[in-house]
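Inspection log for the structure reproduced underneath, given as structure tokens.
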Amino acid sequence: MKKNITAAAILLAFGATLISCNGPRRSPGIVYMPDMAYSVAIDAYAVLDSNKFTSDKLNKGSKIYYNSLPVAGTVKRGDLFIYTLPHDSAGYAQSAMVKNPIETISKEELSEAGRLYNINCAICHGAKGHGDGPIAEKVPGVANLTSDLFKAMADGTMYHSIEYGKNNMGSYASQLTPRERWQIIKYIRTLQGPAAAPASTTASADSAKKQ
Ligand code: HEC
């Protein structure tokens with residue numbers, strides 16, 4: 001008797017499995033945990049549905065909070081130290097003291113930095129840094145990175161502006177890792193020509209240790 005009940009139970013379970021697989025029903029039915037049923041995975045550069053997502057911390061509860069930045073205070077394995085100066089005028093002023101942690105850059109790294117520059121920056125700043133990229137006309141005030149002003153600008157200040165953006169230039173903190181940003185600054189120095197290197201790029205011994 002017991003055996004029969006077990007057999008019937010197995011049959012029932014098997015039948016249920018078959019039925020549940022029947023037909024092209026892909027919907028999960030009533031969803032208990034929507035985040036698991038509908039993936040919130042985000043493609044780079046995808047435009048987010050503002051009805052569902054928010055990058056505003058204050059709106060966190062009603063919508064899914066996502067700002068595409070690493071969690072505050074975390075560093076990706078192998079990446080450089082976190083930039084901690086605040087996004088205000090005092091932080092901007094202090095940024096000139098931050099040394100580029102990359103003292104020397106290999107040929108390969110420099111060409112990779114150039115590739116990243118061409119993808120992210122050349123559209124405004126132009127392939128040669130003259131501020132004449134394809135959309136520069138549409139964006140008021142694009143900087144000519146080869147001008148004396150930027151030749152004299154410290155690497156740290158450039159980094160600050162890449163991290164937070166400045167006026168019509170957006171932040172590149174979510175597109176480029178800290179290392180990539182410092183490398184791109186090295187690349188910008190090559191666009192400025194050999195005589196351009198300001199004091200801040202002649203790296204000091206202590207900045208090399210941070211690598
Ligand atoms: C949408 C156009 C645009 C793109 C793309 C862009 N920039 Fe800019 N950038 C600007 C504008 C406009 C300014 C001038 C900001 C100001 O001073 O008002 C600027 C200024 C700068 C400055 C000077 C910052 C300062 O503190 O004065 C640097 C350095 C710079 N950009 C680097 C970059 C790098 C590196 C990239 C790519 C990662 C990049 N920019 C991408 C528009 C752009």
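Start at 1 and go down the list; that is how both ligands and their atoms are numbered. Just so it is clear, the values below take in all heavy atoms, side chains as well, and ignore hydrogens, waters and symmetry mates. Quick caveat: nothing in here was measured; it's all calculated off a predicted structure.
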Taking the six-membered ring for Trp, are Phe53 and Tyr66 parallel (under 30°), tilted (30 to 60°) or perpendicular (over 60°)? perpendicular

State yes or no: do Leu149 and Met158 share one hydrophobic cluster built from I, L, V, M, F, W and Y residues joined by side-chain heavy-atom distances below 4.5 Å, directly or via other members? yes

Out of all atoms in ligand 1, which are within 4.0 Å of some heavy atom of [X]? Include the element for each.
X: Asn168; result: 12 (C)
X: Leu176; result: 38 (C)
X: Met153; result: 25 (C), 26 (O), 27 (O)
X: Ile184; result: 35 (C)
X: Pro140; result: 12 (C)

Is there a side-chain contact between [X] and [Y] in this structure, where contact means two heavy atoms from C-beta onward sitting under 4.5 Å apart?
X: Thr177; Y: Glu180; answer: yes
X: Tyr159; Y: Val98; answer: no
X: Tyr83; Y: Ser95; answer: yes

Decide if the gap between the ring center of Tyr92 and the ring center of His87 is smaller than 6.0 angstrom. no

Is ligand 1 less than 4.0 angstrom away from at least one heavy atom of [X]?
X: Arg181; value: no
X: Ile185; value: no
X: Gly170; value: no
X: Tyr117; value: no

Would you say Thr157 and ligand 1 have an N/O pair spaced under 3.5 Å apart? no

Do any nitrogen or oxygen atoms of Tyr172 come within less than 3.5 Å of a nitrogen or oxygen of ligand 1? no

Have a look at ligand 1 and work out which part of [X], if any, has a heavy atom under 4.0 Å from it: side chain, backbone, both or neither.
X: Ala136; result: neither
X: Ile123; result: side chain
X: His160; result: neither

Could you work out the complete set of other residues in the hydrophobic cluster of Ile123, with links drawn between I, L, V, M, F, W and Y side chains under 4.5 Å apart? Ile135, Val139, Val142

Linking directly or through intermediates, with side-chain heavy atoms under 4.5 Å: list the remaining ILVMFWY members grouped with Ile82, chain and number order. Val75

Among all protein non-hydrogen atoms, which one is nearest to [atom], and what is the separation to 0.1 Å?
atom: atom 26 (O) of ligand 1; answer: Tyr92 OH, 2.5 Å
atom: atom 14 (C) of ligand 1; answer: Gly141 O, 3.2 Å
atom: atom 29 (C) of ligand 1; answer: Met158 CG, 3.5 Å
atom: atom 23 (C) of ligand 1; answer: Phe150 CE2, 3.3 Å
atom: atom 18 (O) of ligand 1; answer: Asn167 ND2, 2.7 Å

Can you count the protein N, O or S atoms that lie less than 2.8 Å from atom 8 (Fe) of ligand 1? 2

Donor-acceptor pair, side chain of [X] and main chain of [Y], under 3.5 angstrom:
X: His125; Y: Asn144; result: no
X: Gln94; Y: Gly91; result: no
X: Lys186; Y: Ile102; result: yes
X: Asn168; Y: Pro140; result: yes

Atom pair CD/CZ of Gln183 and Arg179 - distance to nearest 0.5 Å: 6.5 Å

Taking atom NZ of Lys63 and atom CG of Asn51, what is their separation to the nearest 0.5 Å? 6.0 Å

Pairs in or reaching into residues 158-171: which pass salt bridge (Lys or Arg N to Asp or Glu O under 4.0 Å), with residues at least two apart or in two chains? Glu163-Arg181

